[in-house]
Amino acid sequence: MSKKKIDLKKEYNIDLWDEERIKSFQTDILAWYDRHKRDLPWRQTKDPYKIWVSEIMLQQTQVATVIPYYERFIERLPDVKSLAEVSEEELLKLWEGLGYYSRVRNMQAAAQQIIEEWGGVFPDNRKDLEKLKGIGPYTGGAVASIAFGEQTPAVDGNVMRVFSRLFKIEDDLSKAKTKTLFEKLLSQIVPADRPGDFNQAIMDLGATKSMPKVYDPVDNPLPDYDASYQSDTWQEYPVKKGKVKQKQETYYAFLIKNDSDEFLLEKRPSSGLLADFWTFPLVDVLTFSSEDEKVLLPTSKQAPELSEQDQHVVHEYLEEEYQLTARFDPEAIGVVNHVFSHRKWTIYPFLMDGADIGEVAADLNLEWAAYEDFSSYAFPVPQQKMIQLYQSFLDNRS
DNA sequence: CACGCGTGGCT
DNA sequence: TAGCCAAGCGT
């Protein structure tokens with residue numbers, strides 16, 4: 001028995017298979033992959049740039065969602081240089097609606113890193129890849145194994161689910177240390193030949209055969225090796241602690257038009273939630289309620305009618321915050337609900353006309369934009385929902 | 001280590 | 001409906 005296997009047993013109490021069984025597992029997995037692998041756009045290339053783009057997009061995102069984004073992104077930015085040089089507006093527009101937007105900002109930083117520190121040549125091994133912004137243990141292993149044939153694991157949620165079932169591993173997946181366990185275990189199992197195909201095969205099996213709530217044993221090489229399946233306890237794996245519930249937040253949004261029929265847009269701060277995306281002026285209702293608890297607190301899921309006093313408060317707020325005066329009072333146009341990974345937003349949008357704006361603080365980053373030009377601004381989904389609401393508001397009126 | 005960070009599909 | 005889940009990473 002090799003030294004590494006003893007370590008696995010000693011440190012994590014895992015009984016690894018013998019060499020013959022490992023070999024047979026590798027053969028079965030690769031044979032399954034050859035017959036059943038999905039035909040995906042990024043599987044038709046060995047270009048590390050394209051593999052990288054696909055892996056970043058696939059983080060916490062389903063394959064079907066990624067495909068159209070991937071096609072468009074590669075067509076517009078076909079190589080590291082074009083990504084390094086593209087403007088932030090266009091970059092965010094390409095990622096608009098895909099979520100986790102720091103991914104694409106990190107990717108551009110990494111592209112610039114590759115140009116400057118690597119002379120434009122893509123790093124060709126896991127260790128160097130992980131020095132790039134946005135490339136962690138999973139993506140480093142994936143790109144190294146798939147694009148460069150390095151014998152190294154790519155441990156993601158699928159891999160951990162599949163292997164926690166194979167070996168009945170009870171460790172909590174939400175702990176960082178548990179990932180180290182799987183890295184060590186998989187290091188003993190990934191084959192020298194076709195490591196990239198092997199890694200992708202395990203992920204495909206996790207996505208289609210050993211799913212969170214469904215186990216499909218048909219045309220599936222796993223059951224022969226799966227201790228949890230054999231004892232009919234696969235549903236108990238993986239062990240994962242519950243996530244914290246989203247926090248509810250309530251906002252008013254103001255769709256403010258000037259006399260040229262342009263809307264006031266505000267660019268969000270360059271860090272934090274929805275960084276650098278455009279929004280209509282957005283106010284947490286608590287901003288108002290701290291002054292007077294009774295003012296502007298909505299009581300229903302319907303768009304609230306603002307009292308005369310409430311409307312006065314809104315005008316005062318817009319004047320103070322944006323040096324903006326509007327001739328007409330805000331009119332409710334509906335309600336927008338949106339769920340993030342960690343927050344829940346309820347937004348009540350109001351329409352205002354006849355706005356005039358004075359001296360604007362430079363750090364606010366405001367712009368007037370015509371409705372027809374919205375396509376050149378990157379909007380997150382809650383803002384897109386508000387635009388939809390405005391459109392149907394117009395349709396109902398006519 | 002715990003948390004912040006999006007969105008859409010599915011049950 | 002509300003919760004769970006998906007090819008994670010940075011701080």
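By convention in this document, chain letters (A, B, ...) are assigned in the order of the sequence lines, proteins followed by strands, and residues within each chain are numbered from 1. These numbers come from a predicted model, not from an experiment.
- At the heavy-atom level, A/V66 lies nowhere under 4.0 Å from the strands shown.
- The hydrophobic cluster containing A/L181 also contains A/Y225, counting ILVMFWY residues as joined when their side-chain heavy atoms lie under 4.5 angstrom apart, directly or transitively.
- Nucleic acid contact class of A/G206 (heavy atoms, under 4.0 Å, all strands): none.
- The residue A/S341 sits close to a base: some heavy atom pair falls under 4.0 Å.
- Sorted by first and then second residue, the ring-ring contact (aromatic ring centres under 6.0 Å, His included) pairs with a member in residues 375-398 of chain A read A/F263-A/Y390, A/W278-A/Y377, A/Y371-A/Y390, A/F374-A/F379; sequence neighbours excluded.
- Separation of the P atoms belonging to C/dA6 and B/dC5 is 22 Å when rounded to the nearest angstrom.
- Heavy-atom nearest nucleotides on DNA chain B were determined for A/E96 and for A/K175, and the one closer to the 5' end corresponds to A/K175.
- As rounded to whole Å, 5 Å separates atom C1' of B/dC5 from atom NE2 of A/H342.
- At a threshold of 4.0 angstrom between heavy atoms, the contacts of A/S54 with the nucleic acid are absent.
- Among the protein residues, A/A176 comes within range of the sugar-phosphate backbone only, with heavy atoms under 4.0 Å from sugar or phosphate atoms but none that close to a base.
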Kindly indicate, with the supporting measurements, whether the criterion salt bridge (charged side-chain N to carboxylate O under 4.0 Å, His left out) is fulfilled by A/K93 and A/E89.
-> CA-CA 6 Å; A/K93 197 70 194 166; A/E89 295 93 74; over 6 Å; no
Symbol by symbol from the 5' end, with Watson-Crick or G-U pairs under 3.5 Å, [ ] crossing and | another strand, DNA chain B is .||||.|||||
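- Within 4.0 Å of A/W42, counting heavy atoms only, lies at least one base atom of the nucleic acid.
- Nucleic acid contact for A/R38: base, since at least one base atom lies under 4.0 Å from a heavy atom of the residue.
- A/Y215 and A/D226 form a side-chain donor-acceptor contact under 3.5 Å, judged by distance and modelled atom types alone.
- At a cut-off of 3.5 angstrom, counting only N and O atoms as typed in the model, there is a donor on one side and an acceptor on the other between the side-chain of A/T61 and the base of B/dG6.
- The residue A/R43 sits close to a base: some heavy atom pair falls under 4.0 Å.
- Mapping A/V244 and A/H338 onto DNA chain B by nearest heavy atom places A/V244 closer to the 5' end of the strand.
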